[in-house]
Amino acid sequence: MPSDIPGIHHVTAIGSDPARNLAFYTETLGLRLVKRSVNQDDVSVYHLFYGDHGGSPGTSMTFFPYQNARPGQVGQGQVSTTQFLIPDSAVDYWVDRLAAEGVDADDPHERFGDTVVPFRDPDGLPLELVARADAPAGDPPAGPVPADHAIRGFFGVDLALASTEWYESMLADMGYEATAQAGDRQRFEADGDLGYAVDLLEDPQAQRGAPGAGTVHHVAFQVTEEEQEAWRQVLTDHGLRPTEIIDRKWFKSVYARTPGGVLFEFATKSPGYTVDEDLDSLGDRLVLPEWLEDRRDEIQAGLPALPSR
Ligand code: ZN
């Protein structure tokens, strides 16, 4: 088996209005826009990447904001909630901040000993802040949220499933260990600092999810370039039909649809978002992989206006 996976690399979701998406993730949540590009499978749509200052693996929430996207339905067969990690001293700050910003949020509650603050983005995407004393200091962006309180990156994801059996065995092979269980929620944790939790929620009666704005498209786990082909084989051994290795410019990716419906990706940590932009200017301008560069004018003309920095 290849080396244990430390956690999530990125989570990609579907949004609608790109300007509203940009404002929410950078101004309200204080993440940094670390890459401004296009959906490589549909260049009429942006691909916006938010993260910590350097866009480290484990911090990057990305969106395909389709201007006129219809709302999706969050449900079975999807990542049903995406969780960000904050220090436990930052809970009051965030409760006040979300209220002051008019964010659709619920009261904090406890889960497995941690304080959890549920809220939704402007498209209704379910998000949570999970507060832990051992949150790493990380590399917070310079922005509206003071570094002490900043989102560190991902905590984890919930997967809504009719049956968790396949996932338990796959996560075990990925190096995750079962650490907690309550009701229909089973927690698995990897050994990394960020994005290390996966909670499996088993409910055969739950309504099936439907893609659209406010839903997650896929979750990507971190692998090394050396072991990516070995992970393809593990996916095959688990009965899936993974894609070939696809070069996404900032990482290389293998995708596979899992039996419960969730799309998994295995993405490389390298080369990262600084491969084509300086650290200081990440996200400032539209960047395209070189195989799309000769179509830049046409692509740019087809995209909605978005404030530049
Ligand atoms: Zn991805």
Side-chain angles (χ1 to χ4, degrees), residues 5-15 18 21 25 31-43 45-52 55-66 69 72 77-84 121 123 125 127 153-154 156-159 170 174 190 192 194-196 198 209 211-225 227-229 231-232 234-235 240-258 261-276 282-283 287-289 291-292:
I5 283 181
I8 293 167
H9 181 281
H10 64 270
V11 174
T12 295
I14 301 169
N21 183 269
Y25 285 92
L31 301 178
R32 183 178 184 193
L33 178 68
V34 292
K35 196 62 65 185
R36 181 192 298 248
S37 192
V38 293
N39 181 344
Q40 293 177 15
D41 302 317
D42 179 354
V43 298
V45 177
Y46 281 111
H47 194 179
L48 303 178
F49 298 69
Y50 307 105
D52 68 358
S56 320
T59 73
S60 134
M61 182 82 205
T62 96
F63 283 88
F64 299 132
Y66 289 82
Q78 292 176 344
V79 171
S80 53
T81 305
T82 303
Q83 294 129 0
F84 296 112
D121 87 353
D123 286 306
L125 183 75
L127 301 169
F154 293 113
V157 287
D158 288 351
L159 308 186
M170 183 68 204
M174 290 162 66
L194 289 173
Y196 45 79
V198 175
T215 66
V216 169
H217 187 266
H218 63 267
V219 55
F221 297 93
Q222 289 182 49
V223 300
T224 61
E225 202 150 342
E227 294 188 323
Q228 196 166 34
E229 190 58 46
W231 283 112
R232 278 192 80 239
V234 173
L235 290 165
L240 304 191
R241 298 176 58 183
T243 63
E244 295 300 312
I245 293 172
I246 300 171
D247 187 352
R248 293 304 192 189
K249 177 74 185 177
W250 311 289
F251 40 83
K252 289 183 177 163
S253 300
V254 167
Y255 303 84
R257 184 71 63 182
T258 63
V262 183
L263 184 60
F264 274 15
E265 175 182 346
F266 287 71
T268 57
K269 293 173 209 181
S270 54
Y273 300 123
T274 51
V275 70
D276 55 358
L282 287 179
V287 292
L288 299 171
W291 57 90
L292 292 175

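All residue numbers in this chain count up from 1 along the given sequence. Side-chain atoms are counted along with the backbone in the values below, which use heavy atoms only and exclude waters and symmetry mates. Counting starts at 1 for both ligands and their atoms, following the listed order.
Between F64 and Y46, the ring center distance fails the sub-6.0 Å criterion. The aromatic ring centres of F221 and W231 sit 6.0 Å or more apart. A distance of 6.0 Å or more separates the ring centres of F63 and H47. Here the two rings, on H9 and F251, have centers that are under 6.0 Å apart.
Around the Zn ion (ligand 1), the protein N, O or S atoms closer than 2.8 Å are H10 NE2, H218 NE2, E265 OE1, listed by chain and residue number.
Remark: A190 engages Y176, Y196 in a side-chain contact (heavy atoms from CB on, under 4.5 Å) (not counting sequence neighbours).
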**Asked** Passes ring-ring contact (aromatic ring centres under 6.0 Å, His included), Y255 versus F264? Steps please.
**Response** CA-CA 6 Å; Y255 303 84; F264 274 15; over 10 Å; no

